Amino acid sequence: MARTAVITGGASGIGRRTAERLVAEGWTVWALDISADAPTEQSVPKDAPGRFHYVTCDVADVDSVTRAIEAIRQETDTIDALICSAGVIRPNSLEDYSIEEVDLMLGVNVKGPWLSIREALPLLRNGATTDDPARVVIVGSVGGIRPKVGSGFYAATKAAVHVLAGVFAVELAETGVVVNAVAPGTVATPMVEEAVANKRSSSYTPSGVSPLGRIGQPDDVADVILFFLSDAAKFVNGTVLPVDGGTRAAFVKN
Ligand SMILES: NC(=O)c1ccc[n+]([C@@H]2O[C@H](COP(=O)([O-])OP(=O)(O)OC[C@H]3O[C@@H](n4cnc5c(N)ncnc54)[C@H](O)[C@@H]3O)[C@@H](O)[C@H]2O)c1
């Protein structure tokens, strides 16, 4: 039977590419996203009818997440993997952030993964064992590893989810759920384009080109998420793995 993955933020960027890759590999995918633009046409290979589902969901809203998980539970009692990719960035200096910007980033980037994992847990635990655990992958950021001027509150939310990944990893391990985080450097997605176009802080720039001489592509991150979902990673738990072409290491060098 096809394994089931739930991907928050599945309408765009890293989440969307991960959804496409998993469907192509035979998974059933539930994409949860606040966007009304379901990526159905582009994402579902013609030979995979019925294996891509789209649910409009605000991950910062408990009722919305509960409804989305209930819609999934109507179709299946098992979730094999949950990828928390939904995220928002509002570049600004710490002094100038508005309450609305801060509440938005806290809600989507921190409360969102916490709520999504919490609500999905009964289905994640079904059929999971410590030998063959269910997988959770949270999309963090290298910005959460070192303070970054111009997007400080965003970076703080990403540091927070790195911590959530570690604590969840320990708290859930004995029930057969492992939790890891990927920490991308700059990846070519609509988020970065919009952040650069709309920035209110003149000091904001994306982390930019990595030591490998390019920025990341959504596939670079999807590759690593698929590794975390693979049999090879069944004993990997509580890690934060930079996927950044060496950007974090360059931070250290500086
Ligand atoms: N692109 C980068 O350079 C980069 C770097 C590091 C980390 N990240 C992280 O990667 C993840 C994916 O970002 P991306 O670059 O693919 O951006 P993106 O904007 O292409 O995708 C983010 C998705 O999240 C959805 N979303 C936003 N608010 C939501 C909400 N309240 N409920 C449900 N869905 C919501 C959006 O509609 C969008 O589809 C984010 O968590 C982001 O912080 C991105």
Side-chain angles (χ1 to χ4, degrees), residues 6-21 30-39 42-43 54-69 82-91 100-101 103-116 119 137-146 148 150-151 153-162 164-165 181-198 204-210 214-222 224-225 240-245 247-248:
V6 175
I7 305 180
T8 73
S12 177
I14 293 165
R16 175 174 171 155
R17 189 61 192 136
T18 304
E20 292 169 350
R21 295 274 301 272
W30 291 80
L32 276 45
D33 202 292
I34 201 166
S35 167
D37 296 328
Q42 300 90 329
S43 292
Y54 188 82
V55 182
T56 306
C57 172
D58 177 357
V59 295
D61 180 82
V62 63
D63 292 337
S64 185
V65 177
T66 305
R67 271 196 305 275
I69 298 295
L82 168 65
I83 297 108
C84 300
S85 189
V88 287
I89 186 170
R90 291 293 179 273
E100 290 74 20
E101 288 172 323
D103 284 346
L104 177 72
M105 288 186 286
L106 269 179
V108 180
N109 298 356
V110 183
K111 191 171 145 198
W114 170 73
L115 262 182
S116 305
E119 297 302 308
V137 182
I138 300 176
V139 182
S141 171
V142 288
I145 296 175
R146 192 178 92 158
K148 185 154 181 342
S151 57
F153 207 90
Y154 170 80
T157 65
K158 291 301 180 176
V161 289
H162 296 167
L164 287 188
V182 290
T186 302
V187 181
T189 69
M191 172 183 279
V192 173
E193 288 163 25
E194 285 160 25
V196 170
N198 298 331
Y204 172 75
T205 50
S207 293
V209 173
S210 75
R214 65 174 177 87
I215 65 168
Q217 296 299 321
D219 268 321
D220 293 315
V221 185
V224 176
I225 293 172
V240 178
L241 181 58
V243 183
D244 65 349
T247 298
R248 181 205 55 87

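Here the structure is a predicted model, which is why all the values come from computation and not from measurement. Both counts, for ligands and for their atoms, begin at 1 and track the order of listing.
- With sequence neighbours excluded, the residues that form a side-chain hydrogen bond (donor to acceptor under 3.5 Å, both in side chains) with Arg214 are Asp220.
- Evaluation of the side-chain hydrogen bond (donor to acceptor under 3.5 Å, both in side chains) rule for Arg21 yields Asp219, Asp223 as partners, not counting sequence neighbours.
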Can you list every pair where an N/O of ligand 1 is under 3.5 Å from an N/O on the protein?
{"from": "ligand 1", "atom 1": "1 (N)", "to": "Val187", "atom 2": "O", "distance (Å)": "3.2"}
{"from": "ligand 1", "atom 1": "1 (N)", "to": "Thr189", "atom 2": "OG1", "distance (Å)": "3.1"}
{"from": "ligand 1", "atom 1": "3 (O)", "to": "Val187", "atom 2": "N", "distance (Å)": "2.7"}
{"from": "ligand 1", "atom 1": "3 (O)", "to": "Val187", "atom 2": "O", "distance (Å)": "3.4"}
{"from": "ligand 1", "atom 1": "15 (O)", "to": "Thr189", "atom 2": "OG1", "distance (Å)": "2.6"}
{"from": "ligand 1", "atom 1": "16 (O)", "to": "Ile14", "atom 2": "N", "distance (Å)": "2.8"}
{"from": "ligand 1", "atom 1": "20 (O)", "to": "Ser12", "atom 2": "OG", "distance (Å)": "2.6"}
{"from": "ligand 1", "atom 1": "20 (O)", "to": "Gly13", "atom 2": "N", "distance (Å)": "3.4"}
{"from": "ligand 1", "atom 1": "31 (N)", "to": "Asp58", "atom 2": "OD1", "distance (Å)": "2.8"}
{"from": "ligand 1", "atom 1": "32 (N)", "to": "Cys57", "atom 2": "O", "distance (Å)": "3.3"}
{"from": "ligand 1", "atom 1": "32 (N)", "to": "Val59", "atom 2": "N", "distance (Å)": "3.0"}
{"from": "ligand 1", "atom 1": "34 (N)", "to": "Ile34", "atom 2": "N", "distance (Å)": "3.3"}
{"from": "ligand 1", "atom 1": "37 (O)", "to": "Asp33", "atom 2": "OD1", "distance (Å)": "2.6"}
{"from": "ligand 1", "atom 1": "39 (O)", "to": "Asp33", "atom 2": "OD1", "distance (Å)": "3.4"}
{"from": "ligand 1", "atom 1": "39 (O)", "to": "Asp33", "atom 2": "OD2", "distance (Å)": "2.6"}
{"from": "ligand 1", "atom 1": "41 (O)", "to": "Ser85", "atom 2": "O", "distance (Å)": "3.0"}
{"from": "ligand 1", "atom 1": "41 (O)", "to": "Lys158", "atom 2": "NZ", "distance (Å)": "2.9"}
{"from": "ligand 1", "atom 1": "43 (O)", "to": "Tyr154", "atom 2": "OH", "distance (Å)": "2.6"}
{"from": "ligand 1", "atom 1": "43 (O)", "to": "Lys158", "atom 2": "NZ", "distance (Å)": "3.0"}

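- A heavy-atom distance below 4.5 Å is found between the side chains of Thr189 and Ile14.
- The side-chain heavy atoms of Thr186 and Thr247, taken from C-beta on, include no pair separated by under 4.5 Å.
- Applying the side-chain hydrogen bond (donor to acceptor under 3.5 Å, both in side chains) test to Asp33 and every residue at least two apart in sequence or in another chain returns nothing.
- Screening Asp244, Val139, Ile215, Val142 for a side-chain contact (heavy atoms from CB on, under 4.5 Å) with Pro184, the sole residue that qualifies is Val139.
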